[in-house]
Colleague: 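This is the structure I want to talk about, given as structure tokens.
Values reported hereafter were calculated over all heavy atoms of this structure, with side chains retained and with hydrogens, waters and symmetry mates removed. First the proteins, then the strands, lettered A, B, ... as listed; each starts at 1. Not measured: the values here are computed from a predicted model.
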Amino acid sequence: MSKIMNIVVLAKQVPDTRNVGKDAMKADGTVNRAALPAIFNPEDLNALEQALRLKDRFEGSTVSILTMGPARAAEIIRESLYRGADKGFLLSGREFAGSDTLATSYALSCAIRNFPQVDVIVCGRQAIDGDTAQVGPQVAEKLGLPQITYVEEILDAKDGKITVKRRLENGIEVVEGKLPLVLTVNGSAAECRPRNAKRTMKFKRAKTPSERQESADDYADLYDSAAYLNITEWSVADIEHDAKWLGLSGSPTKVKQIESVVFTAKESKKLTAADSEIDELMKELIVNHTIG
Amino acid sequence: MNNLYVYLEIEDGIVADVSLELLTKGRKLANELGCQLEAIGIGYKLDGIGAQVFKYGVDVLSIVDDERLKYYTSLPYTSVLVKLFGEEKPQIALMGATSVGRDLGPRVSSALFSGLTADCTSLEIGDHEDKKEGKTYQNLLYQIRPAFGGNIVATIVNPECRPQMATVRQGVMKKEVLDENYKGETHRLNAKDYVNDTDFAVSVIERHIEKSKVNLGAAPIIVSGGYGVGSADNFGLLYELADVLGAEVGASRAAVDAGFAEHERQIGQTGVTVRPKLYIACGISGQIQHIAGMQESAIIIAINSDPAAPINAIADYVITGTVEEVVPKMIKYYKKNTK
């Protein structure tokens, strides 16, 4: 292995399903996406940190961030640039709409083939809008690469091999794999470093071509003189692909039905914290052999 | 051919509970479909597997036994399943939603281009009509799972691709021995025919796997804490109550995220599903994702300072008060009035 590494981080912008307010569900039981803030998928930030640590270890390495999503997803690319990523790539287009994990993985794997050299692909274990943990392993399979999932820490990288610690349900495992490969990173891994003030200034105006078209920019010349401000945007035409594996047609799983969750309420006995009421409850539970 | 397969997760020659739970579910689904239940075990020194699984109604057990397969790694295990499924063309393949199943399942589904639904909470057989294509499909696997942080439940189907694959978390299905004397056949497969030498690209150097100390699934009583407990220290009160009652301690996702309790104690859609005879919810507001994992408890006591906490709606007893106030009183009464 050379002394530098080409690292690609896969990231996703997701609705913040952990902070779902009352207006997150519409009356008809569908999700009101507009009411949910869009955030950087948490475990993808853990993945970015592991990538940046590899770059710290091998000075001169490149960390590229790749995301598939609507124009708005450029927000997480900028966030990555502020925190230390070198380049951003957005894969976007209506051909990708309706993708399940398999069609998503296919599209991402085609985009990754655009990079001339990739040593490590790092992504979060799973995204909080689906919690499926499928895209990492499926990208690896599509590219014919090995995978190591549930990574908590990269322990070593040398001689074309990487050694990592995995966090499993009941313990840990240390494994060694040959590069290139795919790593999926756990939420238990180190938090991502914060924005760097200088980088935030530097990349504040980093934009995709679509974003530049949206807002008539006074700084048009800037993008010619400062190439780093151009976030690469790939459409379906920019990746080598077979259209039948994209979007809905490339998705073997179909959503048959969606229901909002409603629980049947019980008639409950209301008690206060008074000694007598707690005593009475405990007595009842002992007498009917629920406890004791 | 076209049978239902369950992937057996094996640690130290012991089949994981989640696999036995899936065998129980798989047996029922296979009966409905009129097909056989098959199991596949991969590993090293697997002579004892048959005795563990046939009683759950397994008709055919396939075993791939090789020293190089002693520990799970993605590529060789994937190769076995991809080759076997290619030959046998199962209609359904189920595996545990563990760190193994969630590593293996997606890789196999990608290689076979067969859809996979993660973390199903229910599996049923039913028909499906695709109105746009004007096609009807019979006896599909309904893969039912929560999505969007538990706010919706989606039913997923794979109309065209086989096998229909799903993962299920431990504790979601119930394991039940079908017949102690159930007889199935064992097929020993030759590892060399199923694994490539190039598959060993990742090697396990070190492993520290502990038998989980926490067994929420089997606990008759659970004392569970949420964010409202306030601190890891206050969780001590819950352990004290659990200790006197002979209970296990559980936690909500918010309490685990806040570091009050270990992840293995998490109850809910992204943790364990439990159905004890008594569930004492302390300082748990009752997000959908938690309630989905404990609503089948026989008796639910909710202790919460907020009288409008959503969990109160599904509780048999609602105690409005703080955990620090109520829990010590429960301990005190119980100690004084038993033995």
Colleague: With a 4.5 angstrom heavy-atom cut-off, could you sort out which part of Tyr142(B) is near chain A: side chain, backbone, both or neither?
Modeller: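 Contact with chain A is through the side chain of Tyr142(B) alone.
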Colleague: Measuring heavy-atom distances to chain B, does Leu145(A) have an atom under 4.5 Å in its side chain, in its backbone, in both, or in neither?
Modeller: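 When you check distances to chain B, only backbone atoms of Leu145(A) fall under 4.5 Å.
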Colleague: Ile162(A) versus chain B, heavy atoms under 4.5 Å apart: side chain, backbone, both or neither?
Modeller: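 Interface part for Ile162(A): neither.
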Colleague: Distance only, no hydrogens: is a donor on one side chain within 3.5 Å (strictly under) of an acceptor on the other, for His208(B) and Glu210(B)?
Modeller: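 No pair is found: no donor N or O on one side chain lies under 3.5 Å from an acceptor on the other.
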Colleague: Against chain B, label Lys283(A) side chain, backbone, both or neither, depending on which of its atoms sit under 4.5 Å from a heavy atom there.
Modeller: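 The answer is both parts of Lys283(A).
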Colleague: List the atom of Lys244(A), the atom of Ser249(A), and the distance in Å for their closest heavy-atom pair.
Modeller: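 Nearest pair, atom of Lys244(A) first, then Ser249(A): O-OG, 3.0 Å.
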Colleague: Does CG in Asp12(B) sit with more than 12 non-hydrogen atoms of other residues, nucleotides or ligands closer than 6.0 Å?
Modeller: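 No - once you tally the heavy atoms of other residues, nucleotides and ligands closer than 6.0 Å, there are 12 at most.
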Colleague: Looking at chain B, which one of Arg125(A), Glu277(A), Met282(A) has the largest number of heavy-atom pairs inside 4.5 Å, strictly under?
Modeller: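 If we count pairs closer than 4.5 Å to chain B, Met282(A) comes out on top.
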Colleague: Can you say whether Arg167(A) sits under 4.5 Å from chain B via the side chain, the backbone, both, or neither, judging by heavy atoms?
Modeller: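 Neither part.
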Colleague: Run the side-chain hydrogen bond (donor to acceptor under 3.5 Å, both in side chains) check on Asn288(A) and Thr290(A) step by step: do they pass?
Modeller: CA-CA 6 Å; Asn288(A) 66 23; Thr290(A) 302; 2.6 Å; yes
Colleague: I'd like to check the ring pair (Phe, Tyr, Trp, His ring centres under 6.0 Å) partners of Tyr77(B); sequence neighbours left out, ordered by chain and number.
Modeller: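 Tyr77(B): ring pair (Phe, Tyr, Trp, His ring centres under 6.0 Å) contacts with Tyr72(B).
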Colleague: Below 4.5 Å from any heavy atom of chain A, which atoms of Ile299(B) appear? Answer side chain, backbone, both or neither.
Modeller: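 Contact with chain A: side chain only.
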Colleague: Go through Gly105(B), Ala247(B), Ala154(B), Gly321(B) and name the one with the most non-hydrogen pairs under 4.5 angstrom from chain A.
Modeller: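 When all of Gly105(B), Ala247(B), Ala154(B), Gly321(B) are compared, Ala154(B) has the most.
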Colleague: Heavy-atom distances under 4.5 Å only: say whether Asp279(A) touches chain B with side chain, backbone, both or neither.
Modeller: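 Its backbone and side chain both get close to chain B.
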Colleague: Give the C-alpha distance, both sets of side-chain angles, the deciding distance and a yes or no for salt bridge (Lys or Arg N to Asp or Glu O under 4.0 Å) between Arg107(B) and Glu141(A).
Modeller: CA-CA 6 Å; Arg107(B) 185 127 195 152; Glu141(A) 196 282 330; 5.8 Å; no
Colleague: Measure distances from Leu75(B) to the heavy atoms of chain A and classify the residue's part below 4.5 Å as side chain, backbone, both or neither.
Modeller: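 Just the side chain, heavy atoms under 4.5 Å.
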Colleague: Find the one option among Leu116(B), Val326(B), Thr117(B) whose heavy-atom pairs under 4.5 Å with chain A are most numerous.
Modeller: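 Winner by heavy-atom pair count: Leu116(B).
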Colleague: Does any part of the side chain of Pro159(B), heavy atoms only, come nearer than 4.5 Å to the side chain of Lys254(A), both counted from C-beta?
Modeller: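 In contact.
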Colleague: Under 4.5 Å from any heavy atom of chain A, what part of Asp119(B) do you find: side chain, backbone, both or neither?
Modeller: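 Looking at Asp119(B), just its side chain touches chain A.
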Colleague: The test is side-chain contact (heavy atoms from CB on, under 4.5 Å); show your working for Leu245(B) and Met330(B) and say whether it passes.
Modeller: CA-CA 10 Å; Leu245(B) 296 179; Met330(B) 294 173 105; over 6 Å; no
Colleague: Distance check, rounded to the nearest 0.5 Å: Leu141(B) atom CG versus Glu124(B) atom CD?
Modeller: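 Here the rounded value is 9.5 Å.
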Colleague: Where does Ile156(B) contact chain A at under 4.5 Å (heavy atoms): side chain, backbone, both or neither?
Modeller: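 Contact with chain A involves both backbone and side-chain atoms of Ile156(B).
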Colleague: Based on non-hydrogen pairs under 4.5 Å, which of Thr73(B), Val108(B), Ile314(B) is most in contact with chain A?
Modeller: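 Between Thr73(B), Val108(B), Ile314(B), the count favours Ile314(B).
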Colleague: What residue, out of Val14(A), Leu271(A), Thr149(A), has the most heavy-atom pairs lying under 4.5 Å from chain B?
Modeller: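 Ranked by heavy-atom pairs under 4.5 Å with chain B, first place is Leu271(A).
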Colleague: Counting heavy-atom pairs closer than 4.5 Å to chain A, which one of Pro307(B), Ser109(B), Ala254(B) comes out on top?
Modeller: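 Sorted descending by pairs with chain A, the first entry is Ser109(B).
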Colleague: Under 4.5 Å heavy-atom distance to chain B, tell me which part of Glu280(A) shows up: side chain, backbone, both or neither.
Modeller: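 Neither; nothing under 4.5 Å.
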Colleague: Side chain, backbone, both or neither: which part of Ser105(A) has a non-hydrogen atom closer than 4.5 Å to chain B?
Modeller: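 For Ser105(A), there is no contact with chain B at all, as no heavy atom is under 4.5 Å.
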Colleague: Apply the test salt bridge (Lys or Arg N to Asp or Glu O under 4.0 Å) to residues Lys12(A) and Asp129(A): give CA-CA distance (whole Å), side-chain angles for both, the deciding distance (0.1 Å), then the verdict.
Modeller: CA-CA 10 Å; Lys12(A) 186 181 186 187; Asp129(A) 56 344; 3.0 Å; yes
Colleague: Heavy-atom distances under 4.5 Å only: say whether Gln126(A) touches chain B with side chain, backbone, both or neither.
Modeller: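 Only the side chain of Gln126(A) comes within 4.5 Å of chain B.
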Colleague: Where does Leu102(A) contact chain B at under 4.5 Å (heavy atoms): side chain, backbone, both or neither?
Modeller: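 Contact with chain B involves the side chain of Leu102(A) alone.
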Colleague: I'd like to check the ring pair (Phe, Tyr, Trp, His ring centres under 6.0 Å) partners of Phe200(B); sequence neighbours left out, ordered by chain and number.
Modeller: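 Scan of Phe200(B) (ring pair (Phe, Tyr, Trp, His ring centres under 6.0 Å), adjacent residues dropped) gives none.
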Colleague: Looking at Ile300(B), Thr78(B), Thr320(B), Val153(B), which has the largest count of heavy-atom pairs under 4.5 Å with chain A?
Modeller: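 Most heavy-atom pairs within the cutoff with chain A belong to Val153(B).
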Colleague: Sort out for me which of Arg207(B), Lys332(B), Gln143(B) touches chain A most, counting heavy-atom pairs under 4.5 Å.
Modeller: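 When all of Arg207(B), Lys332(B), Gln143(B) are compared, Arg207(B) has the most.
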Colleague: Side chain, backbone, both or neither: which part of His263(B) has a heavy atom under 4.5 Å from chain A?
Modeller: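 The answer is neither part of His263(B).
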Colleague: Which atoms of Thr184(A) come close to chain B, meaning under 4.5 Å heavy atom to heavy atom: side chain ones, backbone ones, both, or neither?
Modeller: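 Contact with chain B: none, neither part.
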